[in-house]
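Dumping the structure here so I can ask a few things about it.
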Amino acid sequence: LQSSRDPLFPMAPELFAVNLLTPITLAQQALAAGALHVHMVGSILSLVSSPLMSLYAATKYGLRGWAYGSARELPGRVSISYPNGIKTAYFRNLQGDPAILAGYHAQVTSAEAGYDTPDMVAAGILEGIRYGGREIVPTMSAYDWCVKNEEPIRRMWVPGLQQPSVERFDWWEQVHAHWQSHKSEGD
């Protein structure tokens, strides 16, 4: 965490490497190796950033741009999700200005009760991928966050709602055929 008024903190290059460059590199390698689908885990903060989280949001916004463009280039083969806060050690491990962190930790501790579990997020992502969603809002708390912040989600897959963002590509049939061909080769 840091104020946008301050110089970049020393961990900024690592933040971009971990959140942006490495996932893109791995996805490109997987696609080049014949993967039928790659999924990028973005963040709700790539839709609307929060104060003091602008660098993190920038990494996730970059990932969103790559995934969205790649999904249009390779229909049905690339998707991205926008989870909200997840009950993990992420917020307890944040680095940055100690004064800012102290106040932020107090706010996060009270908000964490409403965060999604990793299992909830994973289930929503898998359901969205199975549906063929290009952009996935994996849980209702992420959906509520989008509504609260007036984020347009008309093209995004959301659990339990009528979904407009289905790709015209039957990914699961392709995966099944792929594994069946490899399975029969091994017999």
Side-chain angles (χ1 to χ4, degrees), residues 1-28 38-73 78-118 120-122 124-125 128-129 133-159 165:
L1 289 178
Q2 80 172 74
S3 170
S4 295
R5 295 181 300 263
D6 297 337
L8 282 180
F9 68 104
M11 299 282 298
E14 184 179 347
L15 181 67
F16 277 82
V18 169
N19 285 344
L20 178 63
L21 300 176
T22 299
I24 289 172
T25 300
L26 292 172
Q28 288 175 322
V38 294
H39 179 79
M40 310 304 277
V41 178
S43 171
I44 205 83
L45 292 179
S46 70
L47 304 175
V48 177
S49 186
S50 294
L52 309 175
M53 295 290 287
S54 58
L55 281 178
Y56 173 82
T59 67
K60 293 300 188 171
Y61 190 84
L63 193 63
R64 178 183 183 204
W66 182 87
Y68 192 78
S70 297
R72 297 188 76 188
E73 178 185 342
V78 179
S79 60
I80 185 167
S81 58
Y82 308 117
N84 199 2
I86 304 173
K87 291 180 185 177
T88 66
Y90 171 81
F91 291 103
R92 288 183 291 284
N93 293 325
L94 286 174
Q95 297 181 11
D97 182 321
I100 293 173
L101 284 171
Y104 196 79
H105 283 291
Q107 292 174 347
V108 167
T109 300
S110 66
E112 261 184 324
Y115 287 175
D116 297 316
T117 66
M120 291 167 65
V121 174
I125 290 170
I129 291 171
R134 176 174 43 202
E135 295 184 89
I136 300 166
V137 177
T139 63
M140 290 311 291
S141 71
Y143 169 77
D144 291 342
W145 188 95
C146 288
V147 170
K148 179 179 95 175
N149 287 281
E150 299 178 357
E151 178 61 30
I153 57 171
R154 66 188 173 281
R155 69 178 183 274
M156 298 178 193
W157 180 88
V158 180
S165 69

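Sequence positions, counted from 1, serve as the residue numbers for this chain.
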(message) Taking side-chain hydrogen bond (donor to acceptor under 3.5 Å, both in side chains) as the definition, give me every residue that meets it alongside Ser43, ordered by chain and number, with sequence neighbours left out.
(response)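 If we apply the side-chain hydrogen bond (donor to acceptor under 3.5 Å, both in side chains) test to Ser43, skipping adjacent residues, there are no hits.
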
(request) Write out all pairs satisfying salt bridge (charged side-chain N to carboxylate O under 4.0 Å, His left out) with one or both partners inside residues 43-70, taking only residues at least two apart or from two chains. (result)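 Checked against salt bridge (charged side-chain N to carboxylate O under 4.0 Å, His left out) - neighbours excluded - the pairs reaching residues 43-70 are Arg64-Glu135.
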
(request) Verify the neighbour count for atom CZ of Phe16: are there more than 12 heavy atoms of other residues, nucleotides or ligands below 6.0 Å? (result)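 For Phe16, atom CZ is crowded (more than 12 foreign heavy atoms under 6.0 Å).
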
(request) Indicate the atoms forming the closest heavy-atom contact of Ser49 with Ala57, along with that distance. (result)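 Of all heavy-atom pairs spanning Ser49 and Ala57, the closest is OG-CB, 3.2 Å.
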
(request) Compare every heavy atom of Gly124 with every heavy atom of Ile136, then report the nearest pair and how far apart it is. (result)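 Shortest heavy-atom separation between Ile136 and Gly124 comes out as CG2-O, 3.9 Å.
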
(message) As a quick check of understanding, evaluate side-chain contact (heavy atoms from CB on, under 4.5 Å) for Leu47 and Cys146, giving each step before the final call.
(response) CA-CA 8 Å; Leu47 304 175; Cys146 288; 3.9 Å; yes

(message) For a quick test of reading the model, state the closest non-hydrogen atom pair linking Tyr56 to Leu15 and the distance between them.
(response)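 So the minimum-distance heavy-atom pair works out to N-CD2, 3.9 Å.
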
(message) Show the nearest heavy-atom pair for residues Ala67 and Val78, with the distance to one decimal.
(response)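 For Ala67 and Val78, the tightest heavy-atom pair comes out as O-CG1, 3.7 Å.
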
(message) Show the nearest heavy-atom pair for residues Pro23 and Ala17, with the distance to one decimal.
(response)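 Where Pro23 meets Ala17 most closely, the heavy atoms are CD-O, 4.1 Å.
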
(request) Look at the side chain of Ser81 and the backbone N and O of Val41, then say whether any donor-acceptor pair between them is shorter than 3.5 Å. (result)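 Checked: no pair found.
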
(message) Do Asp116 and Pro83 make a side-chain contact, defined as non-hydrogen atoms from C-beta onward lying under 4.5 Å apart?
(response)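 Result no, sub-4.5 Å side-chain heavy-atom pair not found.
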
(message) Restricting to non-hydrogen atoms, name the atom on Val18 and the atom on Thr22 that form the minimum distance, rounded to 0.1 Å.
(response)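 Heavy atoms only, the tightest pair is O-CB, 4.3 Å.
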
(request) For the pair Trp145 and Val137, evaluate side-chain contact (heavy atoms from CB on, under 4.5 Å) and give the outcome as yes or no after the intermediate values. (result) CA-CA 10 Å; Trp145 188 95; Val137 177; over 6 Å; no

